[in-house]
Amino acid sequence: MKAQLIINELNQSVKTLSDDDIIDLIQKIQQHKRIFVYGTGRSGLMLKAFAMRLMQLGLNSFVVGETTTPSVQKGDLLILASASGETESVNIMAKSARNQGIDLAIICASDTSTLAKLQTPNILLQSGTKFNQSQVSQQPLGSLFEQMLLIIFDTVILVMSREQNESNNDMAKRHASLE
């Protein structure tokens, strides 16, 4: 079955992740009062899901570009994700944040990209991008990258919820209630 191919790719990709990279991302998040996220396309969707989970943990998290998102300030963290590292709006956002003294956390799949040259990626994933096919994935475009983002973000939330002793019930109290 073709679903097994995806599971196999995810298993291989997870093996390339470093626990230290996940711990470093968690520590970076914990060192900031407010967390902002930005990405486009499916990467942006994974970041939005992450921002929602951070909020459900009781953190102040925001999605850049939403109408109710406040302005960033020194002491804030901006998490950016772009498989190619060449998405113009993501690179503009990174430059603007750096110019304002905002801390960055970057996840991408290319250590030679424009984004990676702005700041060494906190997490570098091996996956395809919209610009090239990967040796590690038969999936189209950045599918493996986006799937791995969700796994990384869910791992961060799992670890943080345990550290904060947040139960599912605690988080559910912060879940959307107007549904």
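No experiment lies behind these values; they were computed from the predicted model shown.
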- prompt: Among all residues two or more places apart in sequence or in another chain, which pass the side chain to side chain contact (heavy atoms under 4.5 Å, CB included) test with Leu124?
  reply: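 Here the qualifying residues are Cys108, Asp111, Pro121.
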field: With Tyr38 via ring pair (Phe, Tyr, Trp, His ring centres under 6.0 Å) - residues at least two apart
entry: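 Once residues adjacent in sequence are excluded, Tyr38 has no partner under the ring pair (Phe, Tyr, Trp, His ring centres under 6.0 Å) criterion.
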Got [X] and [Y] here, is their nearest side-chain heavy-atom distance under 4.5 Å?
X      : Y      : result
Pro70  : Arg34  : yes
Ile157 : Phe50  : yes
Val156 : Ile29  : yes
Glu146 : Leu150 : no
Glu163 : Ile26  : yes
Phe153 : Leu54  : no

In this structure, would [X] and [Y] fall into the same cluster of hydrophobic residues linked by side-chain contacts under 4.5 Å?
X      : Y     : answer
Leu115 : Leu78 : yes
Phe36  : Leu45 : no
Met93  : Met46 : no
Ile123 : Val14 : yes

[atom1] of [X]: more than 12 outside heavy atoms within 6.0 angstrom?
X     : atom1 : answer
Asn11 : CG    : yes
Asn99 : CG    : yes
Lys48 : NZ    : no

Reported [atom1]-to-[atom2] distance for the pair [X] and [Y], which is rounded to 0.5 angstrom:
X      : Y      : atom1 : atom2 : answer
Ile23  : Ser18  : CD1   : OG    : 7.5 Å
Met160 : Leu59  : CE    : CG    : 5.0 Å
Met148 : Thr16  : CE    : OG1   : 6.0 Å
Glu88  : Thr40  : CD    : OG1   : 11.0 Å
Ile152 : Ile107 : CD1   : CD1   : 5.0 Å
Leu104 : Thr120 : CG    : OG1   : 11.5 Å

task: Given side-chain hydrogen bond (donor to acceptor under 3.5 Å, both in side chains), test Glu9 with Gln147 step by step and report yes or no.
output: CA-CA 10 Å; Glu9 288 184 3; Gln147 293 157 358; over 6 Å; no
Would you say [X]'s side chain and [Y]'s backbone share a donor-acceptor pair under 3.5 angstrom?
X     : Y      : answer
Arg98 : Leu118 : yes
Asn91 : Gly85  : yes
Thr69 : Val63  : yes
Asp76 : Ile35  : no
Ser96 : Ile92  : no

Taking every non-hydrogen atom, the tightest pair across [X] and [Y]:
X      : Y      : value
Phe145 : Ser43  : CE2-OG, 3.5 Å
Val37  : Ala51  : CG2-CB, 3.9 Å
Glu86  : Ser113 : OE2-CA, 3.2 Å
Val90  : Gly39  : CG2-CA, 4.2 Å
Leu57  : Gln164 : O-OE1, 3.4 Å
Arg53  : Gln56  : NH1-OE1, 2.5 Å

message: Under a 3.5 Å cutoff, is there a donor and acceptor pairing between the side chains of Asn8 and Gln4?
response: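 Gln4 and Asn8 do have a side-chain donor-acceptor pair below 3.5 Å.
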message: Other members of the hydrophobic cluster containing Met52, with the 4.5 Å side-chain heavy-atom rule, please.
response: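 Taking Ile, Leu, Val, Met, Phe, Trp and Tyr as members, Met52 shares its hydrophobic cluster with Met55.
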